[in-house]
K.L.:
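Questions regarding the structure given below will be posed in turn.
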Amino acid sequence: TPRASPLHDATMWWDDPLPDAASFDALCAKVGGRVRAGESATTGGGRALFATAPVAKGEIVFRESPSLILQDPANRPLARACARCHSMLRGAPNETVCAQGCGEGYCDERCRVAHVEQGSHGLLCVGPIDSWEHPLAALKLACARDDDGDGHLALIAEMCARCIASAARRGDASSLSSSSVAAALDDANLRTYVAGAVWDWTGASGGDGARGRCEAHARMIREAMASHEEGGSGKLRGAEALMDPARGVVGARAVAELAGVLARNVLAVAVESSAPASAP
């Protein structure tokens with residue numbers, strides 16, 4: 001009898017239930033219990049924060065960092081920001097650039113190194129590539145062109161690359177189950193936001209149009225990531241589960257789930273550059 005592959009277990013990472021409100025009790029306690037988590041009647045049972053006492057206008061209740069932040073490709077010609085922490089680069093005393101020559105800028109050497117060693121840039125950098133026909137270059141170009149006008153391809157590519165890089169850092173090539181995918185999503189602070197494929201939505205955001213976009217995006221991202229295998233870089237070693245098109249993060253259904261994360265949680269912030277109009 002053939003032995004079943006662990007990649008084909010019964011549980012899909014996108015089927016994991018969202019944490020209930022009580023799961024946030026410890027986080028609420030860290031800010032003095034000034035807020036509590038509960039279900040929102042206005043978001044179809046989604047999670048919401050409720051104040052437990054009056055809060056003055058302008059008062060800071062708590063601070064948190066975004067799970068994912070990325071500069072809109074269309075904004076890059078107008079404002080230069082660090083590719084990792086996204087602080088503005090104009091006047092940064094220790095500004096540096098990617099050592100591979102792709103042109104990404106950083107506020108200092110610490111951000112440059114961390115973006116490669118702890119982030120996604122080791123998988124998305126196009127510096128060593130000399131042809132726009134290369135899958136990585138084609139993905140980068142498609143992200144910059146942003147035909148859909150929502151920046152989602154760049155964000156989804158970033159999410160996939162972060163998860164794959166996280167699994168590769170763990171280096172456990174023998175772990176080929178959905179749990180290893182979930183662990184990578186946890187590392188990227190994305191797992192608790194997964195709550196349904198965008199193509200299952202009704203209206204303009206979902207349906208067949210969304211299915212076609214997700215399939216096209218998944219194909220580009222999968223080919224771009226797989227190009228590291230062809231080059232023999234070893235960058236994907238330990239990330240086999242993530243690269244599985246049926247259950248990893250590079251298949252159409254996975255991309256649809258990640259697109260759903262963006263559609264529900266993305267926050268766009270416009271920051272005007274302080275540079276003169278004639279400045280680069």
Side-chain angles (χ1 to χ4, degrees), residues 68 70-84 96-106 112 115-117 119-169 184 188 198-199 208-259 262 280:
L68 177 69
L70 198 68
Q71 185 177 10
D72 191 315
N75 181 246
R76 286 177 174 246
L78 305 175
R80 297 178 61 250
C82 174
R84 179 175 178 265
T96 186
V97 295
C98 173
Q100 296 292 322
C102 72
E104 290 281 20
Y106 301 94
R112 184 190 71 78
H115 200 206
V116 174
E117 296 183 353
S120 61
H121 195 59
L123 293 175
L124 294 175
C125 179
V126 296
I129 297 170
D130 57 7
S131 171
W132 285 109
E133 295 181 359
H134 189 284
L136 265 174
L139 175 62
K140 190 86 168 183
L141 183 61
C143 290
R145 193 170 54 233
D146 190 20
D147 289 338
D148 298 325
D150 55 14
H152 280 192
L153 176 57
L155 286 161
I156 294 169
E158 175 74 12
M159 286 192 278
C160 290
R162 284 192 187 187
C163 291
I164 292 169
S166 170
R169 285 194 298 272
V198 70
W199 63 39
D208 291 338
R211 185 177 296 274
R213 287 192 299 273
C214 290
E215 290 173 347
H217 290 176
R219 183 171 57 254
M220 280 190 286
I221 294 169
R222 185 166 59 250
E223 291 175 353
M225 296 297 100
S227 68
H228 292 291
E229 291 179 334
E230 298 166 4
S233 66
K235 291 181 179 181
L236 303 183
R237 189 174 298 116
E240 288 81 357
L242 282 292
M243 289 297 297
D244 179 72
R247 293 173 177 259
V249 295
V250 295
R253 174 58 189 265
V255 165
E257 294 285 345
L258 296 177
L262 295 177

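What's counted below: heavy atoms across the whole structure, side chains too, no hydrogens, waters or symmetry copies. Only a predicted model underlies this, so the values are computations on that prediction, with no experimental measurement involved.
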K.L.:
Atom CG in L141, atom NE2 in H134: separation rounded to 0.5 Å?
P.N.:
14.0 Å

K.L.:
State the CD1-SG distance between I156 and C143, to the nearest 0.5 angstrom.
P.N.:
9.5 Å

K.L.:
Measure across C125 and L136 and return the closest heavy-atom pair with its distance rounded to 0.1 Å.
P.N.:
O-CD1, 4.0 Å

K.L.:
Can you see which heavy atom on A168 is nearest to which on A239, and at what distance?
P.N.:
N-CB, 4.1 Å

K.L.:
Please determine whether side chain to side chain contact (heavy atoms under 4.5 Å, CB included) holds for the pair L258 and L262, giving the CA-CA distance in whole Å, both sets of side-chain angles, and the decisive distance to 0.1 Å.
P.N.:
CA-CA 7 Å; L258 296 177; L262 295 177; over 6 Å; no

K.L.:
Examine distances only and state if a side-chain atom of R222 and a backbone atom of V250 form a donor-acceptor pair shorter than 3.5 Å.
P.N.:
yes

K.L.:
Under a 4.5 Å cut-off applied to non-hydrogen side-chain atoms, are V249 and I221 in contact?
P.N.:
no

K.L.:
How long is the gap from CZ on R237 to CZ on R169, to the nearest 0.5 Å?
P.N.:
15.5 Å

K.L.:
Would you name the heavy atoms of K235 and G122 that are closest together and state the gap between them?
P.N.:
NZ-O, 2.7 Å

K.L.:
Could you go step by step and tell me if M225 and L124 meet the side chain to side chain contact (heavy atoms under 4.5 Å, CB included) rule?
P.N.:
CA-CA 8 Å; M225 296 297 100; L124 294 175; 3.7 Å; yes

K.L.:
Let me confirm one number: the CG-CG distance from L70 to D72, rounded to the nearest 0.5 Å.
P.N.:
8.5 Å

K.L.:
With D147, which residues qualify under side chain to side chain donor-acceptor pair (under 3.5 Å), at least two apart?
P.N.:
R145

K.L.:
To the nearest 0.5 Å, tell me how far L236 CG sits from E229 CD.
P.N.:
5.0 Å

K.L.:
Could you state the interatomic distance from CG (L139) to NE2 (H217), rounded to the nearest 0.5 Å?
P.N.:
9.5 Å

K.L.:
Is it true that a side-chain atom of E215 and a backbone atom of R213 form a donor plus acceptor pair closer than 3.5 Å?
P.N.:
no

K.L.:
What closest approach, in Å, do E223 and P135 show between heavy atoms, and which atom pair accounts for it?
P.N.:
O-CB, 3.5 Å

K.L.:
Hey, are the side chains of M220 and L153 touching, using non-hydrogen atoms and a 4.5 Å cut-off?
P.N.:
yes

K.L.:
Could you tell me which non-hydrogen atom of R162 sits nearest to which non-hydrogen atom of A188, and how far apart they are?
P.N.:
CB-CB, 4.4 Å

K.L.:
Taking A259's backbone N and O only, do any of them form a donor-acceptor pair with H152's side chain (distance below 3.5 Å, no angle check)?
P.N.:
no

K.L.:
Using side-chain heavy atoms (C-beta onward) and a distance below 4.5 Å, is Q100 in contact with C102?
P.N.:
no

K.L.:
What salt bridge (Lys or Arg N to Asp or Glu O under 4.0 Å) pairs are there with at least one residue in residues 132-143, not counting sequence neighbours?
P.N.:
E104-K140

K.L.:
Might you point out which heavy atoms bring H115 and Y106 nearest each other, and give the distance in Å?
P.N.:
ND1-OH, 2.7 Å

